[in-house]
Amino acid sequence: MHQSQLLIPTLREDPGEAEIVSHRLMLRAGMIRKVAAGIYTYLPLGLRVIRKVERIIREELDKAGAQEVLMPIASPAELWLETGRWDFYGKELFRFKDRHERDFCLGPTHEEVITDLVRREVRSYRQLPANFYQIQTKFRDEIRPRFGLMRGREFIMKDAYSFDADEAGAKESYRKMYEAYKAIFTRCGLTFRPVEADTGLIGGTSSHEFMVLADTGEEGIAVCDACDYAANVERAELVGTGVARAPVALANATGGGPPPVMQEHAHKPPADTLREKRRVPTPGKKTVEEVTAFLNVPATQLVKTLLYRADGKPVAVLVRGDHEINEVKLKKALGATDLVMADPALVAKLTGAPVGFAGPIGLSGATMLADWAVRPLTNIVVGGNAADTHWVDVTPGRDFTPDRYADIRNAIAGDACPRCAKPLRIVRGIEVGHVFMLGTKYSEKMKAHYLDKQGQECLIVMGCYGIGVGRTSAAAIEQNHDAKGIIWPAPIAPFHVHILPLAGKGKVLEAAIALETELTRAGIEVLVDDRDERPGVKFNDADLIGCPHQVVIGEKNLSQGLMELKERRTGTVTKLPHAEITTSLIRLLKLVSN
Ligand code: ATP
Ligand code: MG
C-alpha cells in the first residue's frame, strides 16, 4: 500500500492528553483519534493491528474447538434482571430506552445473552460441551477512562463462554482456553504471565488473569521466583506474618485455619522487652503519615483501625500502617455482601472521637477483625478512641484481643509466598485477558438445563473468557518501543516492511514499487512511503510507526544495484544486492504467518 493514499497523520510533538507510552505513540503514529473520553476512531494503521490480533485470536480459538457467533450489542433489561446484574452493575452499564420506553443496555459482557441462547437451543447432553465466542464492541461507562485503548468506554473484546455437562468437563474447557490464551499471547509476541485472580463483578469459583508485564501496568502482581506462584496483589493469599520464612514452617498451613506460625507467642519476643502501654497526645495527627512522623516510629509499628458497616453491622478492621485493606478479601472474611465505610456519626458513636483516632482498646459495639500481620506485633501505636490521642507500646493479645484474625490485605514485596514461603516480589502488569470458571452461577439463575443420559434435568456448568483486543495492542507497545517510536512484534505489525524510496518519483520510486510487487507476491505486507518528503521525515515516521523492517532505496545505492535493509529493533543496516532483499525478508519473517 502507498502511504500517500492512506490517512496516517503522524505527529511530531507529544500530545498533551497522553499519560503513558502506548497512548502517546498510538496518537503520534496516527493509529487512533479520540472522539470522546474513552471513545476512539481506529485509523487505517490502528485497525490493521487490531485485525491482526483478532486473526490470531480466531485461529487459536477455532483450533481449540470454540465456534464463532456474533451477539447483539443491545440487550433487553429482562435478561439482566434475571441474574440481578441490572442493579448490580451500577453506573458502569450504559442504559437506554427504546421508543416504547423499554429498558435496554449496551453489552459490557454477554453472559446473560449467551445463556439465554443456550437454554433455548441446548437440550441434551449430546450437545455438550460447547464453546461460543465473538469479537465485538463492548461498552462500559468506566469511572476513569484513560490511557487510550487501555481503558476505554467503548472497546473491542473477544468474549467466549463454555458450557459443559459437569464440573470435570468445565475444568477441561477452562484448561483448553487457558492453553489457547497462552498460544495467543505468545503469537502476539508478548511477554506475559498468567496469574491467579479475583473473580470480581462476574463472580465464579476460579480465575486467572493474563498479564503483560510492563512498568506502566495498572495491576500489581505478586510473583515468587522460587516456585512460579503468581497472583494479583489483591488476590495473593497471605497466611503469614508479612515476613517470609523457611518453607518448613508453612508445610502444615494449607489445611485451613490459622497457620502454625500464628500460634500464640510464636513470634513474640521475651516478656521483658514488652513495655507498658501509655496514652500520648497527638494533636491534629490523624493519618498514618502524620502520626508516625509525629511519634517517630515506622509505619510497620502502627496499626490502623478502620470502621465499616458490613451488611448494616459495625465492624472494626485492623491492619498494619504500611498495609492496604483489600475490600474483596474483607467481604469474604466477613461473609458480607454490602460493605461501606462508617460515616462520621457512627465513628463518633463507637469511639467517642472524631474520625482519625479509632483504636481497638476499649472499643465496643463493633466486631473486631484484624489482619494476620497484626498478631505478632509488639509495642505498637494505635488510635486512642479520644480526640487528639493515641496509645503507644500496645501489644495485641495483651492489651486487646480481636474477635478474629484473617487475611484481609493486599500483598506487598517481601510477604511470604503462600506456596513455598519464600519472599514475594511485586511487579506491574497489564491485564489483557481473563479466564473464569463460572460454575452454575448463571445457569442456575437463568434455568439453563440439559437432559443427561438418564433423562434427568441437570444444570449446565459454565466458564467465560475475555481478551481486550485494543488493550492487547496497546500492551504490545508498552513492551516494545524506544525513544523513536513503536517496535512492533512482526505478527501484529500493521505492515511487515516499510519501503522508503528517498525520492518521490523516477527510478527510485519505480524500484520501490517493483519491490513492493515482489514482496506482496511472497505474502509479505508492505507499506511504501511514496510521499514527496525529505529523507529525514521519512526516516522519523518509519521509526515512529515501527514496522519491523525497513528497506531504504537511495539513488546512489540503486545505481550500484544495492538497497539498505534496516531492522527497526536493533537499527542494524545491511546493504544488499537488490535481488537478495526479498529472500532475506522471507527468511527474517518466516515465523510471522505460522
Ligand atoms: P479491569 O479490571 O481492567 O477493569 P475487568 O476485570 O473489568 O478489567 P473483564 O471483564 O475480565 O475485565 O474483561 C475482559 C478483558 O477485556 C480484560 O482482560 C481487558 O483486557 C479488557 N477490558 C476490560 N475493560 C476494558 C476497558 N475499559 N477498555 C479496554 N479493554 C478492557
Ligand atoms: Mg473493569
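Counting begins at 1 with the first residue of the sequence. Read the numbers this way: they start at 1 and go in the same order the structure lists the ligands and their atoms. It should be emphasised that the depicted structure is a prediction, and the values quoted were computed from it without experimental measurement.
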Q: With heavy atoms only and a cut-off of under 4.0 Å, state how Thr109 meets ligand 1: side chain, backbone, both or neither.
A: neither
Q: Go through ligand 1 atom by atom and flag the ones less than 4.0 Å from a non-hydrogen atom of Val432.
A: 18 (O), 20 (O)
Q. Who's closest to atom 21 (C) of ligand 1 heavy-atom-wise, of Gly468, Gly466, Pro108?
A. Gly468
Q: Tell me, with the steps shown, if Tyr450 and Tyr125 meet ring-ring contact (aromatic ring centres under 6.0 Å, His included).
A: CA-CA 6 Å; Tyr450 70 96; Tyr125 70 95; 7.5 Å; no
Q. Are Arg95 and Trp86 in a cation-pi setup, meaning NZ or CZ lies under 6.0 angstrom from the ring centre and within 45 degrees of the ring axis?
A. yes
Q.
Ignoring hydrogens and geometry beyond distance, is a side-chain donor-acceptor pair present between Thr300 and Asp322 at under 3.5 Å?
A. no
(Q) I need the atoms of ligand 1 closer than 4.0 Å to a non-hydrogen atom of Gly152, numbered in the order shown. (A) 26 (C), 27 (N), 28 (N), 29 (C)
Q: Consider ligand 1: state whether an atom of it lies below 4.0 angstrom from any non-hydrogen atom of Gly470.
A: no
Q: Check side chain to side chain donor-acceptor pair (under 3.5 Å) between Ser162 and all other residues, then give those that pass, not counting sequence neighbours.
A: Tyr465
Q. Among side-chain atoms of Glu112 and Thr83, is any donor-acceptor pair under 3.5 angstrom?
A. yes
Side-chain donor/acceptor pairs under 3.5 Å, residues 39-51, sequence neighbours excluded:
| unit_1 | atom_1 | unit_2 | atom_2 | d |
| --- | --- | --- | --- | --- |
| Tyr40 | OH | His23 | NE2 | 3.3 |
| Arg48 | NE | Pro494 | O | 2.7 |
| Arg48 | NH2 | Pro494 | O | 3.4 |
| Arg48 | NH2 | Glu525 | OE1 | 3.0 |
| Arg51 | NH1 | Glu54 | OE1 | 2.9 |
| Arg51 | NH1 | Glu54 | OE2 | 3.3 |

(Q) Going by the closest heavy atom to atom 8 (O) of ligand 1, which one wins out of Glu219, His434, Glu431, Lys158? (A) Glu431
Q.
Tell me the nearest of Arg151, Arg140, Met150, Glu92 to atom 9 (P) of ligand 1, using heavy-atom distances.
A. Arg140
Q) Can Leu149 be said to touch ligand 1, with heavy atoms closer than 4.0 Å? A) yes
